[in-house]
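In what follows, a single structure is set out as structure tokens and then discussed.
Basis for what follows: all heavy atoms, side chains included, without hydrogens, waters or symmetry-related copies. These figures come from a predicted structure and were not determined experimentally.
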Amino acid sequence: MAAVALDQYLASILKSNSTDRNEIKLEAGNPDFDMFTIYLENHNTGIHRYQMDVSTILYVAKGTVTIKSGEKIITMKSGNVLLLTEGWKYEVKSQKEDSVLVKLKFKPGFAYREYFKYFSYKGKRENKVIEQIIDSLDNEHVLWLKNNQITRASQVMQHIIGGYLNNDLFATALIQAELTVMLIISIRTQRMATPTNLDKTKFEKKSLDNYIDAHFADISLADAAKYFGFNPNYFSNMVKAKTGKSFVDHVDERRMQEARELLAQPDISLKEIIGRVGYSSKSFFYKKFNQYYHMTPAAMREELFRQANINLK
């Protein structure tokens, strides 16, 4: 199953479902797989409220889903991951008609707190991050990782789901490794400079790159400035002064890099690529692409296919 078609495949399961249960169980490709069980959130009417008896990961494969956790209302978008500890309650308040909410319910005994402790290795910075994550899970029982659908973490999450559904060799070992990779990448992107800890005199380009990498498909100068704790005009001037390029130039550069990677995949249409990298206008995308690569997207795709020995004729 192609990773890019996973959301459509899961959506087709929901569409063809005829049961009135709140959750639809997906059978593992390997009947001996025992790390977790995957469910899809049904779109039936009624109250979708849950008491967790095991640790669970919620992943929005498509659309938007609103979750109530304790007194918090969490609006999860495509690519977002929510970790919930055992014994916690949550409610699916609403989900758009085309949304796909995937749930990974771990077997009894799986504990995030112990799992995260193995992520750090004698590093004060790493230990501090892990301590904050464990405190969050202990006090709030949830950890919200705001990935988007195009980030590497989300792509790894899709591989995990695909690996669960298929019956490939060494699937369990690969899923365990990919779960660790997904969580570490997600934590890295979440652990960027924030308004409470950012020193304005030590603004780092890496922090900006990490933020853009996580949000380039849906990003604005105002949102970025707010995230980093600056006035938009001050933030814009600072980015230009510190990096030599404007905020928009940084975003366009990241979008062009992503567009090139997507063009190398024959099963993704140009129309889909334009939307996935954050542009709404085909002509504007073509203009930016030509400025950056000095060729059309079609010519780039043809060259990438030639290099990869892909012949679609």
Side-chain angles (χ1 to χ4, degrees), residues 1 3 5-70 72-112 115 137 140-145 147 149 154 156-167 171-172 175-176 178-179 182-183:
M1 182 190 311
L6 179 65
D7 56 345
Q8 288 91 341
Y9 172 74
L10 297 177
S12 69
I13 294 178
L14 286 171
K15 188 174 182 180
S16 61
N17 168 64
S18 58
T19 70
D20 195 41
R21 295 178 180 176
N22 288 354
E23 297 177 320
I24 303 169
K25 181 180 179 180
L26 302 184
E27 298 295 338
N30 182 350
D32 295 324
F33 182 81
D34 62 355
M35 188 176 182
F36 53 74
T37 303
I38 292 183
Y39 295 82
L40 298 181
E41 185 72 12
N42 201 356
H43 283 252
N44 58 315
T45 58
I47 298 174
H48 290 217
R49 189 175 295 145
Y50 304 94
Q51 168 77 50
M52 302 308 305
D53 56 351
V54 294
S55 298
T56 301
I57 288 179
L58 305 185
Y59 169 68
V60 180
K62 185 179 181 183
T64 303
V65 179
T66 301
I67 302 292
K68 183 179 181 182
S69 172
K72 291 186 176 181
I73 300 296
I74 301 173
T75 301
M76 299 177 64
K77 297 182 179 179
S78 179
N80 281 195
V81 171
L82 191 68
L83 281 60
L84 300 109
T85 63
E86 68 285 350
W88 192 237
K89 297 178 181 179
Y90 76 95
E91 180 180 345
V92 180
K93 296 290 291 184
S94 65
Q95 52 182 332
K96 290 189 175 180
E97 186 176 347
D98 64 342
S99 295
V100 178
L101 176 61
V102 184
K103 305 179 178 184
L104 281 62
K105 294 188 178 182
F106 288 83
K107 297 300 180 182
F110 180 82
Y112 287 127
Y115 186 73
L137 290 171
E140 300 183 16
H141 304 281
V142 298
L143 182 66
W144 185 12
L145 303 173
N147 307 317
Q149 192 177 31
S154 184
V156 173
M157 191 66 190
Q158 293 181 36
H159 292 163
I160 291 171
I161 298 169
Y164 171 89
L165 295 172
N166 295 319
N167 188 18
T172 299
I175 287 173
Q176 289 175 337
E178 288 185 322
L179 180 64
M182 185 278 292
L183 291 171

**Distance, nearest 0.5 Å, that separates CD of Glu178 from CD of Gln158** = 11.0 Å
**Request:** For residues Ser154 and Gly79, report the shortest heavy-atom separation together with the two atoms involved.
**Result:** OG-CA, 3.7 Å
**Prompt:** Atom CG in Asn44, atom OG in Ser18: separation rounded to 0.5 Å?
**Reply:** 11.5 Å
**Side-chain heavy-atom pair Met52, His141 within 4.5 angstrom cut-off** = no
**Prompt:** What distance separates Thr45 OG1 from Asn22 CG, expressed to the nearest 0.5 Å?
**Reply:** 9.0 Å
**Asked** Quick check: does any side chain N or O of Asp7 sit under 3.5 Å from a backbone N or O of Gly63, one acting as donor and the other as acceptor?
**Response** no
**Request:** Test Tyr9 against Leu165 for side chain to side chain contact (heavy atoms under 4.5 Å, CB included), laying out the working first.
**Result:** CA-CA 11 Å; Tyr9 172 74; Leu165 295 172; 3.8 Å; yes
**Message:** Assess the residue pair Leu143 and Leu145 against the criterion (side chain to side chain contact (heavy atoms under 4.5 Å, CB included)); give the C-alpha distance rounded to whole Å, side-chain angles, the decisive distance to 0.1 Å, and a yes or no.
**Reply:** CA-CA 6 Å; Leu143 182 66; Leu145 303 173; 4.1 Å; yes
**Request:** Decide yes or no on side chain to side chain contact (heavy atoms under 4.5 Å, CB included) for Val142 and Ile67, but give the supporting numbers first.
**Result:** CA-CA 11 Å; Val142 298; Ile67 302 292; over 6 Å; no
**Prompt:** Are Asn167 and Phe33 side-chain neighbours, meaning at least one heavy-atom pair lies under 4.5 Å?
**Reply:** no
**Fill in**
When rounded to the nearest 0.5 Å, the distance separating OG of Ser16 from CD1 of Ile24 is 7.5 Å
**Complete:** What one should report as the nearest heavy-atom pair of Leu14 and Ser99 is CD1-O, 3.8 Å
**Request:** Indicate the atoms forming the closest heavy-atom contact of Gly87 with Gln51, along with that distance.
**Result:** O-NE2, 2.9 Å
**Request:** Check Glu91, Glu41, Glu23 against His48 for a side chain to side chain contact (heavy atoms under 4.5 Å, CB included) and give me the one that passes.
**Result:** Glu41
**Request:** Looking only at non-hydrogen atoms, find the nearest pair between Thr75 and Trp144 and report the distance.
**Result:** O-CZ2, 3.3 Å
**Request:** Can you label the angle between the Phe106 ring and the Phe110 ring as parallel, tilted or perpendicular, going by 30° and 60°?
**Result:** parallel
**Asked** With a 4.5 Å heavy-atom cut-off, do Leu26 and Leu10 have their side chains touching?
**Response** yes
**Message:** Here's a test for you: under side chain to side chain contact (heavy atoms under 4.5 Å, CB included), which of Asn147, Ile57, Val102 qualifies with Met157?
**Reply:** Ile57
**Prompt:** Is there a side-chain contact between Ile161 and Tyr59, using heavy atoms and a 4.5 Å cut-off?
**Reply:** yes
**Message:** When you measure from the side chain of Thr56 to the backbone of Val54, do you find a donor-acceptor pair of N or O atoms at a distance under 3.5 Å?
**Reply:** yes
**Item:** Short side-chain to backbone donor-acceptor contact, Asn42 and Arg21, under 3.5 Å
**Value:** yes
**Heavy-atom check, side chain of Glu97 versus side chain of His43, under 4.5 Å** = no
**Prompt:** What heavy-atom pair brings Gly163 and Ala171 nearest, and what distance separates the two atoms?
**Reply:** O-CB, 4.2 Å
**Asked** Any side-chain heavy atom of Leu82 sitting closer than 4.5 Å to one from Met76?
**Response** yes
**Asked** Around Lys89, counting heavy atoms of other residues, nucleotides and ligands shown, do more than 12 lie under 6.0 Å from its NZ?
**Response** no
**Message:** In the structure I gave you, are the side-chain heavy atoms of Tyr90 and Leu58 within less than 4.5 Å of one another anywhere?
**Reply:** yes
**Asked** Considering only heavy atoms from C-beta outward, does the side chain of Phe36 approach that of Ser55 to under 4.5 Å?
**Response** no
**Residue among Glu27, Lys25, Lys103 satisfying side chain to side chain contact (heavy atoms under 4.5 Å, CB included) with Thr37** = Lys25
**Request:** Any chance you could measure Leu179, atom CG, to Leu104, atom CG, to the nearest 0.5 Å?
**Result:** 8.0 Å
